[in-house]
Every structure is written in C-alpha cells, then in structure tokens.
Participant: 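Just passing along the structure, written as structure tokens.
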Amino acid sequence: MRRNIFVRLGRADIVPPEGATDITIDMVDNFGDLDRGLGQLLDRLFKLGATPSEAAVDLMIMATAVYAADTGVSRERYADDGWTRMIDLSVPVAEPELWRRQHDHLSRMLQFLTGDHWSFTFRHRPDEFQSFTKQPEEMDLTDFTQVSLFSGGLDSLIGAIDLLASGQRPLLVSHYWDGEASSAQRQLLEVLKERHADAFESVRAYIGFRKSDFAEAGSDNNQRARSFLFYSLAVVAADAVASTDKVLIPENGLIALNVPMDAHRLGSLSTRTAHPHFIRLMSELVKVLGIDVTLENPYRFKTKGEMARECKDRDLLAELAPASMSCSHPAQVRFESAPPQHCGRCVPCLIRRASLAAGLDEADTTQYFLDDLKKEILDSKSADGKNIRSFMFAAENLRQNPGRARFLVQKPGPLNHDDLDAYVDVYRRGMDEVSEILKGVRAKHV
C-alpha cells in the first residue's frame with residue numbers, strides 16, 4: 001500500500017487536493033520558524049558565526065522528512081509483504097529542478113538503506129521561506145579541523161578522543177531523540193569539556209516524531225533512515241563553517257559492513273547505517289547538490305577492539321567507556337522489569353563487550369542486563385540467546401569455510417574492489433574478537 005506524505009512549510013504553502021495525501025508534516029511552527037529541532041540547530045550554528053547554504057538546509061529538511069516517514073509509517077500495517085513499504089514524499093526545496101535530477105539516485109540510495117521504495121515530488125518553497133539562512137551574530141572565526149559524528153556510542157567517543165589527543169579541533173555533531181542517547185551524549189561531552197576546555201565545540205539536534213504526529217499511520221521503530229538524517233546534520237555543519245569541508249563517521253569495520261550472520265538477516269533486516277556503499281552514495285548526492293563536503297570513515301578497516309586498543313588516550317577511554325551507549329534497544333529491558341541499560345545480548349552489545357575485553361587492560365564496568373554470558377545455558381529462541389547463537393553459528397561457519405569471507409562481506413552491498421581484501425581482513429578479525437568472549441558460552445533451544 002502506497003503512502004503519500006506532504007511536507008508543508010508554513011500556512012502559505014500550497015494545500016494538497018483532498019484525498020491526495022495521507023500524512024501532512026508541518027516543518028514550520030506557529031511563529032514562522034523552522035521546526036522539528038532544525039531551527040535550533042541552525043541557531044546554534046549562527047551563534048558560532050557559521051552559515052550553511054540553502055542547498056544544505058534543503059538536504060536537512062529532506063532527511064528529516066525521510067526520517068519522519070521511516071519512523072511514522074508502520075511496516076506491519078502498510079507493507080504488502082510485511083516489510084517493504086512504498087512511500088511518496090512531496091517536499092518544498094529552494095531549487096526543485098536540481099533535486100528532480102537526483103530523484104533516481106536518492107531513491108536508490110534510500111532503498112539500499114531502508115529496503116523500501118521511495119518516490120519524490122519537489123516543488124518551490126513558499127516565497128516567505130526562500131531563505132532560512134541569515135547573517136551570523138559574529139564573523140565566522142571558527143577554526144575547526146573537521147566535523148565528526150558524536151552519537152554517544154563507544155566508536156564516536158574513541159573518534160572524539162583521538163581527534164582531541166592529536167591536537168585537532170573538531171566540531172562534534174549529535175542527533176538524539178530517546179533519553180538514553182541524550183544522557184550518554186551529555187555525560188560524555190561534559191567530561192570532554194572538563195579535560196579539553198575550548199579544544200572543541202558541539203552541536204546537538206533533538207529531532208524525532210511521536211505517534212501522535214501521524215494520525216492513522218502507525219509507527220515503525222527500526223529507524224533504518226536515521227543515518228541519512230545524522231549524516232545530513234553533519235553535512236549542514238561542515239558546509240556552514242569556513243575552516244573544514246570534512247565529515248568523519250567513526251565506525252568500526254565489522255559494524256560498518258554488518259555482514260548478516262544467517263540467511264534470515266538478508267536485505268534491510270541488517271542495517272546499513274555506515275556501510276561503505278551508503279557512504280559513497282551519500283557523498284555523491286552531496287557533491288551533485290553543490291555542497292563542498294566529503295564524508296569519510298577513518299576506522300573502516302579497524303575492528304572495535306583495535307579502535308579501543310589503539311586509542312590515543314586509553315586512560316580517558318577506560319574512564320568514559322561505561323557512560324557510552326552502544327545498545328540497539330536499551331529501553332527494551334523495561335519489559336523485564338529493569339531500567340534502560342545495555343542489554344548485553346544484542347549484536348552491538350556483543351561487539352562492544354568483545355572490543356573492551358580485547359582493547360583495554362581494565363575490566364569492563366559497563367552495566368549489562370545480561371551480565372554473565374556463561375552463567376547458564378541461554379535459550380536461543382529467546383532474547384538472551386538469539387543473537388549469541390547466531391554469532392556462534394556464523395563464527396563456526398567461517399572457521400570451517402574461511403574462503404567464504406570474501407563472499408560474505410559483499411552480501412550486504414557492493415564494495416570498492418581495491419578495498420575488498422582489507423574488508424575481508426577486518427571482518428575476520430572482528431569475528432575473532434567476538435568469538436573470544438563466546439568461548440564457553442552455551443546457547444541452544446532449551
């Protein structure tokens with residue numbers, strides 16, 4: 001079932017014909033300011049003396065609309081096959097013809113990311129919103145050496161520590177919606193400020209949508225399109241400041257590839273948040289929109305354990321690692337009468353546990369809901385044992401058929417042939433790290 005979504009900029013924007021749209025998303029508030037957290041992000045940049053281009057603002061609005069559709073349209077209710085949705089978006093932009101030329105590229109990029117079929121209609125912004133940028137309160141005197149994503153996870157923490165310890169001056173960009181991510185970001189940034197004072201600045205964007213925002217649409221919690229939004233926020237920041245044109249995406253190679261552990265995790269059932277192919281497609285889109293910004297993952301050939309072991313300030317990392325948030329669904333343990341925390345059993349938690357065991361001398365003091373992997377037999381039909389058993393299965397498969405690694409790393413998406421051997425190596429090393437902490441673990445149907 002196709003869902004038609006109309007993005008509206010203010011009361012003066014055109015009204016779609018009755019029955020032509022299923023959902024209308026207002027992107028401007030009652031005061032005429034850009035809403036949904038986007039205005040606050042721009043204001044923060046203006047206060048830094050930085051002004052993005054209208055093309056970058058359009059990218060941010062587009063990504064927010066895609067994120068809204070991704071999280072607001074239920075796969076269960078509106079996907080004919082239970083997963084793949086068909087979504088049409090009507091979006092106002094400063095240069096509709098420029099975006100029309102990128103329609104197919106944008107659709108392919110998002111299909112790869114979310115597994116859905118996307119179609120777009122672009123129209124001119126209303127006259128009163130032809131420009132969202134304004135003269136900053138002061139001259140752009142920022143001297144940032146790069147913009148880096150800061151999710152509050154372990155990888156982005158290592159990325160920030162490495163930059164600061166190397167004498168760089170990064171602008172850290174964060175997106176948050178749930179309380180756990182917000183809390184982790186806030187705690188980590190406070191300590192980094194205490195240790196590095198004015199050596200960096202941070203911009204945090206509170207962007208999300210509630211079920212009440214989309215009447216009759218249902219909801220979807222997979223958030224496959226979040227990385228499109230997150231990257232776009234960072235691109236806006238890099239485009240705004242005069243001193244850098246580089247966006248860093250700190251993500252270890254094993255998670256970036258996200259090779260499916262079994263046949264049931266093919267396609268968009270395995271996320272492609274930082275997959276090299278998506279980063280390449282995103283970079284191409286940014287370039288053709290006329291935005292002079294490059295995106296790069298500096299850790300794409302490193303495992304998470306190697307990132308921790310080679311961190312340029314391991315003492316600070318050991319202190320801050322427990323406050324970082326890696327879990328994919330930290331709030332889900334509330335159904336088991338526990339407060340939000342690392343579950344200890346999802347794929348990101350298992351890779352995190354393996355990396356800290358391999359990369360730090362100190363014991364991992366992170367609070368995990370499943371704190372002891374070896375205490376008892378884990379039921380592989382339950383949340384406790386499902387992902388663990390899948391990892392054990394994948395690791396054994398790789399051990400018996402080491403040559404399959406070259407095939408497996410290419411299943412999630414195409415890779416640059418020149419980098420293929422490096423990706424194969426990081427996949428093998430990453431699987432070895434996780435296998436090490438699963439020695440002695442028992443997971444089966446019980």
Side-chain angles (χ1 to χ4, degrees), residues 109 112-113 145-163 165-166 168 170 172-173 224 226-228 230-232 234-235 238 244-261 270-287 293-312 317 324 326 328 347-348 350-352 354-356 358-359 394 398 405-434:
M109 183 181 82
F112 176 78
L113 185 63
T145 51
Q146 57 276 116
V147 170
S148 187
L149 302 187
F150 191 79
S151 66
L154 187 61
D155 286 15
S156 68
L157 172 61
I158 293 173
I161 291 175
D162 283 352
L163 289 171
S166 301
Q168 301 292 314
L172 305 181
V173 176
R224 292 292 190 259
R226 180 176 178 268
S227 58
F228 179 40
F230 201 179
Y231 292 5
S232 297
V235 168
T244 184
D245 60 0
K246 182 175 290 187
V247 169
L248 300 183
I249 303 165
E251 188 73 81
N252 71 86
L254 183 61
I255 284 285
L257 291 172
N258 206 4
V259 176
M261 292 179 288
S270 284
T271 59
R272 287 145 170 184
T273 298
H275 192 278
H277 183 58
F278 175 68
I279 293 176
R280 183 164 61 250
L281 292 175
M282 182 73 182
S283 298
E284 292 171 0
L285 176 65
V286 168
K287 181 178 180 180
V293 172
T294 60
L295 295 91
E296 174 187 333
N297 178 4
Y299 300 101
R300 61 192 181 281
F301 299 135
K302 292 185 182 296
T303 69
K304 203 180 191 81
E306 290 165 352
M307 287 180 66
R309 185 165 56 251
E310 297 169 15
C311 179
K312 298 183 183 300
L317 175 61
S324 64
S326 304
S328 57
V347 171
L350 292 172
I351 295 176
R352 172 196 175 92
S355 70
L356 292 176
L398 187 60
R406 195 173 183 84
F407 163 74
L408 290 171
V409 298
Q410 298 177 84
K411 290 191 74 173
L415 299 170
N416 186 319
H417 182 75
D418 293 339
D419 296 331
L420 184 56
D421 288 341
Y423 284 123
V424 170
D425 287 344
V426 75
Y427 171 60
R428 286 172 172 159
R429 300 195 307 273
M431 291 297 291
D432 287 344
E433 284 181 1
V434 180

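Residue numbers count from 1 along this sequence.
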Participant: Under 3.5 Å, side chain of S166 to main-chain N/O of Q168, donor-acceptor pair present?
Facilitator: no
Participant: For the residue pair R226 and T273, establish whether any side-chain heavy-atom pair is separated by less than 4.5 Å.
Facilitator: no
Participant: Is there a side chain to side chain contact (heavy atoms under 4.5 Å, CB included) between R406 and D421 once you walk through the steps?
Facilitator: CA-CA 8 Å; R406 195 173 183 84; D421 288 341; 2.5 Å; yes
Participant: How long is the gap from NE2 on H275 to CG on L113, to the nearest 0.5 Å?
Facilitator: 11.5 Å
Participant: Taking all non-hydrogen atoms of both residues, which atom of D162 and which atom of K312 are closest, and how far apart?
Facilitator: OD1-N, 2.9 Å
Participant: If we only count heavy atoms from C-beta on, is the V434 to M431 side-chain gap below 4.5 Å?
Facilitator: no
Participant: Would K411 and V259 count as a side chain to side chain contact (heavy atoms under 4.5 Å, CB included) here? Give the steps.
Facilitator: CA-CA 7 Å; K411 290 191 74 173; V259 176; 5.7 Å; no
Participant: Are side-chain heavy atoms of P170 and F150 found at a separation under 4.5 Å?
Facilitator: no
Participant: Do you know which two heavy atoms are closest between G159 and P250, and how far apart they sit?
Facilitator: CA-CB, 4.2 Å
Participant: Which atom pair, heavy atoms only, marks the closest approach of E251 to A274?
Facilitator: CG-CB, 3.7 Å
Participant: Mind checking the CZ-NE2 spacing from R272 to H277? Nearest 0.5 Å is all I need.
Facilitator: 8.5 Å
Participant: Among all residues two or more places apart in sequence or in another chain, which pass the ring pair (Phe, Tyr, Trp, His ring centres under 6.0 Å) test with F407?
Facilitator: none
Participant: Heavy atoms, side chains only, cut-off 4.5 Å: are V247 and V286 in contact?
Facilitator: no
Participant: Got a sec, which residues hit ring pair (Phe, Tyr, Trp, His ring centres under 6.0 Å) with Y231, two or more places apart in sequence or on another chain?
Facilitator: F278
Participant: Of all residues at least two apart in sequence or in a different chain, which pass the side chain to side chain contact (heavy atoms under 4.5 Å, CB included) check with A405?
Facilitator: L398, V424, Y427, R428
Participant: Roughly how far, to the nearest 0.5 Å, is the OG atom of S324 from the CG atom of L154?
Facilitator: 4.5 Å
Participant: First locate atom CG of L317, then atom CD1 of I158, and finally report the distance between them rounded to the nearest 0.5 Å.
Facilitator: 5.0 Å
Participant: With sequence neighbours excluded, what pairs up with S227 under the side chain to side chain donor-acceptor pair (under 3.5 Å) test?
Facilitator: none
Participant: Tell me every residue that passes side chain to side chain contact (heavy atoms under 4.5 Å, CB included) with S328, counting only those two or more places apart in sequence or in another chain.
Facilitator: C346, P348
Participant: Side chains of V147 and V293: does their closest heavy-atom pair fall under 4.5 Å?
Facilitator: no
Participant: Heavy atoms only: give me the nearest L415-V409 pair and the separation to one decimal.
Facilitator: CD1-O, 3.5 Å
Participant: Please name the pair of heavy atoms, one in P412 and one in F112, separated by the smallest distance, quoted to 0.1 Å.
Facilitator: O-CE1, 3.3 Å
Participant: Return the set of residues passing side chain to side chain donor-acceptor pair (under 3.5 Å) with S148 (not counting sequence neighbours), or none when no residue passes.
Facilitator: none
Participant: Taking salt bridge (charged side-chain N to carboxylate O under 4.0 Å, His left out) as the test, write out the residues that go with D418, two or more places apart.
Facilitator: none
Participant: With sequence neighbours excluded, tell me which residues meet side chain to side chain donor-acceptor pair (under 3.5 Å) with D155.
Facilitator: N252, K304
Participant: Quick one: side chain to side chain contact (heavy atoms under 4.5 Å, CB included) partners of S283, sequence neighbours excluded?
Facilitator: I279, L295
Participant: Please identify each residue that fulfils side chain to side chain donor-acceptor pair (under 3.5 Å) with R300, with sequence neighbours left out.
Facilitator: none
Participant: What distance do L285 atom CG and M109 atom CE have between them, rounded to the nearest 0.5 Å?
Facilitator: 5.0 Å
Participant: By side chain to side chain contact (heavy atoms under 4.5 Å, CB included), which residues pair with E306, not counting sequence neighbours?
Facilitator: K302, T303, R309, E310, R429, E433
Participant: Could you list the residues that satisfy ring pair (Phe, Tyr, Trp, His ring centres under 6.0 Å) with F230, not counting sequence neighbours?
Facilitator: none
Participant: Could you measure the distance from the CG atom of L350 to the OG atom of S355? Nearest 0.5 Å is fine.
Facilitator: 11.0 Å
